[in-house]
Amino acid sequence: MGQPLNVGVVGCGAISAQYFSTIDRLPGLRLAAVADLDPGRAAEAVAAWPGTPVLSVADLMADPGVDVVLNLTIPAAHAEVALQAIAAGKDVYGEKPLAADSADAARVLRAAEAAGVRVGCAPDTVLGTGTQTARKAVDDGLIGRPVAATATMVTAGHERWHPNPDFYYVPGGGPLLDMGPYYVTSLVTLLGPVTSVIGAASRLRGKRTIGSGPRRGEEIPVSVDTHVTGVLVHDSGALSTLVMSFDAAATKAPNIEVHGERGSLVVPDPNHFDGVVQLSAVGEAGWRDLPDSAGYVAAGRGVGLADLAATPAGEEPRASGTLAFHVLDVMESLLASAASGAAVTVGSTCERPSPVPLLAF
């Protein structure tokens, strides 16, 4: 891959350590600088990587030693930071979602195209051996023609463990915008882009109580739906049923199942990179485990950035801005359908990302 890509990180919250660890072990990436609105938090986050400069956001954007900006800010700031990076002539890779809404996400993609820079976006968990082994099973015809899928995420809410959960309950948050990107990205990877949706949603209560940290016991307002369900119609003709909830205790449903004419797959948690894929074929009793057959081995958060760095110029990286925009559009369309009670046509589309062979960086 030639010289490593010099990464400047904006946003040094809890997830940054996972990215730093991945960058540290991948020869195609180098941690060049970090920035945060709280310089003390940035310094603390990068303490295990001594010598890494802690800069202001403006100085990081202007630094000629930074090739790509890794945007780990809160969703409401994703577009603003991405646009700053693009204006500085730098590639940008962000945490999901691409922006708080599709209008801002479209601005990011237009600006990147005009500037001739690349945009990538999480989740990159779908590039691991879990989802990619399931993808290969679908592509190899092990279940025949895909008919349907189910995707289920149920939790009582992130305020139980997160000390500052406010952003989960404002526009850009909620179970769909927070956890949905993992599931919808996996469904698009497995079954292709979505053409229309129909959904329903509800909000169990108007306030949430923080359960940990210095703000424990504080109530925060809820301004988004906290239980969202719906059906996604894929261009392939397959139908996916989605349930995303911050309002229930638990579920025994698999994270994702894919059903075809000849068999069914259990797909691992799309919030993880690995996991066991199981197959039950028509006429077989029970389920059998499939060996890992595709995907980046032992991947961690940031492998999508490394994939972008390894993608030849002119080619679309697997964790691309185009894919992230389509996923955001699908989720917004689902919420619009829930509000109107009518099916909504998804305005965007994307190419199904190319598969990942079984390999390690």
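Counting only N and O atoms by type, the side chains of Thr125 and His272 include no donor and acceptor under 3.5 Å apart. For the 3.5 Å distance criterion, the side chains of Tyr183 and Asn255 qualify, holding a donor opposite an acceptor. There is a side-chain donor-acceptor pair under 3.5 Å between His158 and Asp178. A donor atom on one side chain and an acceptor atom on the other are not found under 3.5 Å apart for Glu315 and Thr311. Counted by atom type alone, Asp247 and Thr226 present one or more donor-acceptor pairs between their side chains at under 3.5 Å.
Considering only heavy atoms from C-beta on, Asp269 stays 4.5 Å or farther from Ile256 through its side chain. No side-chain heavy atom of Ile143 sits under 4.5 Å from any side-chain heavy atom of His259. A heavy-atom distance below 4.5 Å is found between the side chains of Val197 and Val330. Counting heavy atoms from C-beta outward, Ser202 and Leu204 have side chains that stay 4.5 Å or more apart. When side chains are defined from C-beta on, Val267 counts as touching Leu190, because their heavy atoms get closer than 4.5 Å. The shortest distance between side-chain heavy atoms of Phe246 and Thr155 falls below 4.5 Å. Taking 4.5 Å as the limit, every side-chain heavy atom of Pro221 sits out of range of all side-chain heavy atoms of Tyr169. Two residues are said to be in side-chain contact when any heavy atoms from C-beta on lie closer than 4.5 Å; Leu176 and Leu335 meet this criterion.
In this structure, the side chain of Ser280 engages the main chain of Gly286 through a donor-acceptor pair within 3.5 Å. With hydrogens and angles ignored, the 3.5 Å screen pairs no side-chain donor or acceptor of Arg262 with any backbone N or O of Ala281. In this structure, Thr195 contributes its side chain and Val233 its backbone to a donor-acceptor pair below 3.5 Å. Side-chain atoms of Gln84 do not come within 3.5 Å of backbone N or O of Val81 as any donor-acceptor pair. The backbone N or O of Ser212 lies less than 3.5 Å from no partner atom in the side chain of His162, so there is not a single donor-acceptor pair. The main-chain N or O of Pro64 is never found under 3.5 Å from a side-chain atom of Lys90 such that the two would form a donor-acceptor pair. A donor-acceptor pair under 3.5 Å links the side-chain atoms of His78 to the main chain of Pro97, judged by distance alone. A donor-acceptor pair under 3.5 Å is absent between the side-chain atoms of Thr152 and the main chain of Ala253, judged by distance alone. Between the side chain of Ser102 and the backbone N or O of Ala105 there is no donor-acceptor pair closer than 3.5 Å. Proximity of a side-chain donor or acceptor of Asn6 to a complementary backbone N or O of Ala32 within less than 3.5 Å is not detected.
A continuous path of Ile, Leu, Val, Met, Phe, Trp and Tyr side chains, each step under 4.5 Å between heavy atoms, connects Val184 with Leu265, placing both in one hydrophobic cluster. Hydrophobic clustering keeps Leu308 apart from Val108 (ILVMFWY residues linked when any side-chain heavy atoms are closer than 4.5 Å, directly or through intermediates). Residue Val57 is not grouped with residue Leu72 when hydrophobic side chains (ILVMFWY) are merged at heavy-atom distances under 4.5 angstrom, including chains of intermediate members. Linking ILVMFWY residues whenever their side-chain heavy atoms come closer than 4.5 Å, directly or via other members, leaves Val303 and Val92 in distinct clusters. When hydrophobic clusters are built by joining Ile, Leu, Val, Met, Phe, Trp and Tyr residues whose side-chain heavy atoms come closer than 4.5 Å, directly or via intermediates, Leu177 is not grouped with Leu98.
Taking CZ of Phe167 as the start and CD1 of Ile220 as the end, the distance is 10.0 Å to the nearest 0.5 Å. Residue Tyr93 holds its OH atom at 8.0 Å from CG of Leu70, rounded to the nearest 0.5 Å. Note: Arg30 CZ to Leu5 CG = 11.0 Å, rounded to the nearest 0.5 Å. To the nearest 0.5 Å, the span separating CG on Leu109 from CD1 on Ile86 amounts to 8.0 Å. Taking CG of Leu37 as the reference point, atom OG1 of Thr73 lies at 8.5 Å (rounded to 0.5 Å).
Asp124 and Arg318 are not joined by a salt bridge, as no carboxylate oxygen comes within less than 4.0 angstrom of a charged side-chain nitrogen. Between Arg352 and Asp139, at least one side-chain nitrogen of the basic residue sits less than 4.0 Å from a carboxylate oxygen of the acidic one, meeting the salt-bridge criterion. Between Asp140 and Arg135, none of the side-chain N atoms (NZ, or NE/NH1/NH2) sits under 4.0 Å from a carboxylate O, so this pair counts as no salt bridge. Using a 4.0 Å cut-off between a side-chain N of Lys or Arg and a carboxylate O of Asp or Glu, Asp104 and Arg107 qualify as a salt bridge.
No more than 12 heavy atoms of other residues, nucleotides or ligands sit less than 6.0 Å from atom CD of Glu44. Heavy-atom contacts from other residues, nucleotides or ligands closer than 6.0 Å to CD of Glu218 number more than 12. For Arg216, the CZ atom sits in a loose shell: 12 or fewer heavy atoms of surrounding residues, nucleotides or ligands are nearer than 6.0 Å. The neighbour count for Glu219 CD, taken as heavy atoms of other residues, nucleotides or ligands under 6.0 Å away, is above 12. Within a 6.0 Å sphere centred on CZ of Arg145, heavy atoms belonging to other residues, nucleotides or ligands number 12 at most.
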* Applying side-chain contact (heavy atoms from CB on, under 4.5 Å), run through Val69 and Met61 and close with a yes or a no. => CA-CA 8 Å; Val69 172; Met61 296 296 181; 3.9 Å; yes
* To do: Applying side-chain contact (heavy atoms from CB on, under 4.5 Å), run through Met331 and Val327 and close with a yes or a no.
  => CA-CA 6 Å; Met331 295 187 297; Val327 168; 4.1 Å; yes
* **Step-by-step side chain to side chain donor-acceptor pair (under 3.5 Å) determination, Glu316 to Ser320** => CA-CA 7 Å; Glu316 189 90 337; Ser320 70; 3.2 Å; yes
* To do: Show your working on side-chain contact (heavy atoms from CB on, under 4.5 Å) between Val119 and Asp91 and close with a plain yes or no.
  => CA-CA 6 Å; Val119 175; Asp91 293 337; over 6 Å; no
* With side-chain contact (heavy atoms from CB on, under 4.5 Å) as the test, would you mind laying out the steps for Leu60 and Val10 before giving the verdict? => CA-CA 8 Å; Leu60 185 145; Val10 178; 3.9 Å; yes
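Of all heavy-atom pairs spanning Asp329 and Val346, the tightest one is OD2-CG1, 3.5 Å. The two residues Ala309 and Gly28 have their closest heavy-atom pair at CB-O, 4.4 Å. The heavy-atom pair separating Cys121 from Ala324 by the smallest distance is CB-CB, 3.5 Å. Heavy atoms only, all atoms of each residue included: Val282 and Glu261 are closest at CG2-O, 3.7 Å. When all heavy atoms are compared, the tightest approach of Leu127 to Gly304 is CD1-CA, 3.9 Å. Residues Ser186 and Val126 approach most closely at OG-CG1, 3.2 Å, considering heavy atoms.
With Trp287 as the fixed residue, the side chain to side chain contact (heavy atoms under 4.5 Å, CB included) test singles out one of Val266, Leu279, Val277: Val266.
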Quick one: side chains of residues 11-23, donor-acceptor pairs under 3.5 Å with protein atoms, not counting sequence neighbours, listed by atom name and distance.
from  : atom 1 : to     : atom 2 : distance (Å)
Ser16 : OG     : Gly13  : O      : 2.7
Gln18 : OE1    : Arg301 : NE     : 3.1
Tyr19 : OH     : Glu95  : OE2    : 2.5
Ser21 : OG     : Ala17  : O      : 3.1
Thr22 : OG1    : Gln18  : O      : 3.2
Thr22 : OG1    : Arg301 : O      : 2.8

